[in-house]
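Have a look at the structure below, then the notes.
Atoms within each ligand, like the ligands themselves, are counted from 1 in listed order.
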Amino acid sequence: MNNETQLLQGAMNGAGLKIGIVCARFNSIFVEQLLSGAEDALIRHGVSAKDITVAWVPGSFETPLVLQRMAATGKFDALIGLGVVIQGATQHAQMINSEVSKAYAQISLNFNLPVVYGVVTTENIEQAIERSGSKAGNRGASAAATAIEMANLLRQLPAKAHK
Ligand code: INI
């Protein structure tokens with residue numbers, strides 16, 4: 001890249017960031033692990049515990065509404081939704097996933113705010129175990145890292161920028 005090119009990248013420094021997390025209680029045995037991973041990653045990157053707000057809802061399908069209300073407060077720099085949808089457990093897993101992921105994108109664009117999709121979709125319980133803190137890492141922790149990076153990147157792109 002040319003020396004004069006302006007590069008925008010979000011720093012991995014969470015100091016001063018306010019983060020909202022919405023967790024689905026369905027499959028909570030895994031979602032609690034995702035939340036632990038997210039909180040641990042946020043705090044290790046400098047987010048203060050008092051700047052983290054956590055809400056619990058019945059299932060992944062309910063997460064977008066609470067994320068939307070959190071976004072509307074204007075108090076957060078980034079939001080994270082955490083849930084686990086296991087395909088074998090329901091006929092409507094596909095429907096939940098597509099509606100929920102679309103809603104996250106919509107809230108994010110409507111509110112100009114990072115809304116990180118930390119809903120794990122798996123074919124079975126084994127994959128859920130793998131993605132909530134074992135073989136395949138912790139998707140809550142990676143969602144937290146995404147939230148920090150995106151919040152810091154957007155700080156460099158104010159909504160009403162003047163040249
Ligand atoms: N919610 C989940 O978060 N994960 C699932 O695997 C799941 N299954 O299997 O059905 C699930 N269903 C509940 C759904 O999210 C809503 O809470 C429910 O339909 C009420 O609106």
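Close approach of ligand 1 to Phe61 is summarised as follows: ligand atoms under 4.0 Å from at least one heavy atom of the residue are 14 (C), 15 (O), 16 (C), 21 (O). In summary, the atoms of ligand 1 found under 4.0 Å from a heavy atom of Ile86, numbered by their order in the structure, are 6 (O). Of all atoms in ligand 1, numbered sequentially from 1 with element shown, those under 4.0 Å from a heavy atom of Asn27 are 4 (N), 5 (C), 6 (O). Those atoms of ligand 1 that come under 4.0 Å of a heavy atom in Val85, given as number and element, are 4 (N), 5 (C), 6 (O). In summary, the atoms of ligand 1 found under 4.0 Å from a heavy atom of Val84, numbered by their order in the structure, are 2 (C), 3 (O), 4 (N), 5 (C), 6 (O).
The two residues Gln9 and Leu153 have their closest heavy-atom pair at N-CD1, 4.0 Å.
In terms of modelled atom types and a separation under 3.5 Å, the side chain of Ser60 and the main chain of Ala24 share no donor-acceptor contact.
Under the 4.5 Å side-chain heavy-atom criterion for grouping Ile, Leu, Val, Met, Phe, Trp and Tyr, Val66 is connected to Phe111 within one hydrophobic cluster. If you chain together hydrophobic residues whose side chains sit under 4.5 Å apart, Leu113 and Leu65 never meet in one group.
Between the side chains of Tyr117 and Thr146, no donor N or O sits under 3.5 Å from an acceptor N or O.
Using a 4.0 Å cut-off between heavy atoms, Val57 makes no contact with ligand 1 at all.
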